Amino acid sequence: MIQTLTEEQAREKALQDVKLYMAAGWDVKEETPQCFLLQRNKASRMGHFLIFLFFGWWLLLIPNILYHYLSREKKKILK
């Protein structure tokens, strides 16, 4: 016999996984009826400082902005 999960049971099961990710530094960006969207930024202050030191203001801080956006991670957990 095939057992199917109700929507509430599926949400609770997915929420357990989400709590593990939240403990590891992920933030819940959005919850949809189908999934949880998680996001975190791995950029560090030291990374920003080193990029500023190497590339300086003469590149108008563009490398620093790129570093910030390229170090973002997203994860989708299905319900």
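The model shown is predicted, which means the values in this text are computed figures rather than measured ones.
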Identify every side-chain donor-acceptor pair in residues 14-27 under 3.5 Å, counting partners at least two apart or on other chains, and give the distances.
none

Close side-chain approach of Gln39 and Glu30, heavy atoms under 4.5 Å | no

Just jot down the salt bridge (charged side-chain N to carboxylate O under 4.0 Å, His left out) partners of Arg11, sequence neighbours excluded, or say none.
-> Glu31

Mind checking whether Lys42 and Glu73 have side chains closer than 4.5 Å, heavy atoms only?
-> yes

side-chain contact (heavy atoms from CB on, under 4.5 Å) evaluation trace for Gln34 with Lys79 = CA-CA 6 Å; Gln34 295 84 19; Lys79 293 182 182 178; over 6 Å; no

Could you give the side-chain donor-acceptor pairs of residues 46-54 under 3.5 Å, partners two or more places apart or in another chain?
| residue | atom | partner | partner atom | Å |
| --- | --- | --- | --- | --- |
| His48 | ND1 | Asn64 | OD1 | 2.7 |

Name all residues meeting the side-chain contact (heavy atoms from CB on, under 4.5 Å) criterion together with Leu60; count only those two or more places apart in sequence or in a different chain, and write none if there are none.
-> Ile62

Taking the side chain as every heavy atom from C-beta outward, state whether His68 and Asn41 have any atom pair closer than 4.5 Å.
-> yes

Closest non-hydrogen atom pair between Ser44 and Tyr67, with its separation | N-OH, 3.3 Å

Residues which pass salt bridge (charged side-chain N to carboxylate O under 4.0 Å, His left out) with Glu12, listed by chain and number, not counting sequence neighbours | none

Leu78: side-chain contact (heavy atoms from CB on, under 4.5 Å) partners, not counting sequence neighbours = Cys35, Lys76

